[in-house]
2 protein chains.
Amino acid sequence: MRIGELSRRTGVSERLLRYYEEQGLLHPYRRPSGYREYDESDIATVSRIRTLLAAGLTTAIIAEVLPCLGEDEKHLAPICSETAEHLHRHRTQIDECIAELQTARRMLDAIITGAAREHAPTTADTTP
Amino acid sequence: MRIGELSRRTGVSERLLRYYEEQGLLHPYRRPSGYREYDESDIATVSRIRTLLAAGLTTAIIAEVLPCLGEDEKHLAPICSETAEHLHRHRTQIDECIAELQTARRMLDAIITGAAREHAPTTADTTP
DNA sequence: GTAGACTCTCACATCAATGTCAGAGTCAAC
DNA sequence: GTTGACTCTGACATTGATGTGAGAGTCTAC
């Protein structure tokens with residue numbers, strides 16, 4: 001498919017799709033005309049890129065990490081230890097962030113519940 | 001303490017500490033001279049800010065979330081229904097954010113595990 | 001073949017998180 | 001009361017992820 005379709009199907013602007021290619025995250029082949037040609041798997045790749053970007057990774061890191069995430073969870077390429085080091089640190093940060101957010105969530109829960117019931121339980125079970 | 005000490009103790013530049021204040025994340029009181037005066041709890045706050053920023057949240061979001069991470073679980077103030085409405089929306093946002101981060105975390109996990117073991121289990125137990 | 005939609009490259013703009021610098025005021029120790 | 005370290009505000013620069021627009025080439029359906 002061409003860039004317009006990929007853009008529509010992923011919700012990511014064409015500008016960004018070109019940018020991701022420039023950063024080495026996507027590698028569409030080119031028609032003789034120069035038009036980019038993407039395949040179905042690129043949809044999943046774009047989705048992954050968005051997830052990792054949203055989690056605070058940079059395109060540089062993602063470029064190193066993406067080859068480790070094969071089409072369907074087959075991460076074929078091994079990564080250098082430096083990158084692994086970085087990933088470890090970032091994972092820890094994400095863990096901390098999740099923990100913070102969960103704390104915030106519990107707190108909100110307590111407030112909301114308390115507002116509804118006129119008092120706040122210390123430990124609220126809020127699992128959806 | 002003044003800004004220099006907080007900067008040294010948190011490792012965050014004075015420039016950023018002022019920026020965080022500008023964004024509503026910190027609220028030091030001011031001496032008559034205009035000097036900012038921080039207290040001990042601001043160290044923890046700055047640490048939280050760094051964690052949340054590193055995980056991809058914006059200062060705007062953090063500004064809304066931070067008050068929910070109170071010093072010691074004191075959320076006594078009763079709230080109007082409009083505020084409750086807001087809290088509900090916010091809780092949803094936090095839930096989405098947590099879900100996104102968990103997705104990213106699983107992704108990182110797969111990569112790290114795959115790199116370490118040369119093959120990847122579908123569900124990796126990576127709790128430290 | 002041609003019109004309209006699509007794509008190309010390239011360049012400039014923006015936004016958030018940062019850094020850096022300048023000039024002026026403040027604090028503390030001597 | 002003076003000096004050196006600290007702080008203030010304010011302005012400009014940068015970097016990474018984005019948006020936007022221009023001008024030229026390409027595709028497709030008629």
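Within every chain, numbering begins at 1; the chains are lettered A, B, ... in the order of the sequence lines, protein sequences first and strands thereafter. Below, each value reflects all heavy atoms present in this structure, side chains not excepted, and no hydrogens, waters or symmetry copies.
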Q) How far apart are the C-alpha atoms of E21(B) and R30(B), what are their side-chain angles, what is the distance that settles it, and do they pass the salt bridge (Lys or Arg N to Asp or Glu O under 4.0 Å) test? A) CA-CA 12 Å; E21(B) 177 183 4; R30(B) 297 299 188 105; 3.2 Å; yes
Q.
Using salt bridge (Lys or Arg N to Asp or Glu O under 4.0 Å), reason through R2(A) and E14(A) one step at a time and then give a plain yes or no.
A. CA-CA 10 Å; R2(A) 288 179 309 186; E14(A) 302 179 7; over 6 Å; no
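Here S33(A) reaches the OP1 or OP2 of dC27(D): one of its side-chain N or O atoms lies under 4.0 Å away. Of the side-chain N and O atoms in T59(B), one or more sit less than 4.0 angstrom from OP1 or OP2 of dA17(C). Applying the 4.0 Å criterion to OP1 and OP2 of dA16(C), one finds that T58(B) has every side-chain N and O outside that range.
For the pair Y38(B) OH and dC6(D) P, the interatomic distance rounds to 16 Å; values are reported in whole Å. The CZ atom of R36(B) sits 15 Å away from the P atom of dT26(C) (whole-angstrom rounding). In this structure, CZ of R15(A) is placed 13 Å from P of dC8(C), rounded to the nearest angstrom. One can place CD1 of I49(A) at 15 Å from C1' of dT18(D), the figure rounded to the nearest angstrom. Atom OH of Y19(A) is separated from atom C1' of dC8(C) by 20 Å (rounded to the nearest Å). Rounded to whole angstrom, the span from the CD1 atom of I61(B) across to the P atom of dA16(C) amounts to 12 Å. Rounded to whole angstrom, the span from the CZ atom of R30(A) across to the C1' atom of dT7(C) amounts to 10 Å. With rounding to whole Å, R31(A) atom CZ is found 7 Å from dC27(D) atom P.
Nearest to the side chain of R18(B), among dT18(C), dC8(D), dC27(C), sits dC8(D). Taking every side-chain heavy atom of L16(B) into account, dG19(C) is the closest of dG19(C), dC27(C), dC8(C).
A side-chain contact (heavy atoms from CB on, under 4.5 Å) with P28(A) is found for one member of R18(A), R36(A), M1(A) and no other, namely R36(A).
Scanning atom types as modelled, one donor and one acceptor separated by under 3.5 angstrom connect the side chain of Y35(A) and the base of dG25(D).
Using a 4.5 Å cut-off between side-chain heavy atoms of Ile, Leu, Val, Met, Phe, Trp and Tyr, with links allowed through other members, Y35(B) and L17(B) fall into different hydrophobic clusters.
Donor-acceptor pairing under 3.5 Å is lacking for the side chains of R9(B) and Y38(B).
In terms of position on DNA chain D, the residue among L57(A) and R2(B) whose nearest nucleotide sits closer to the 5' end is R2(B).
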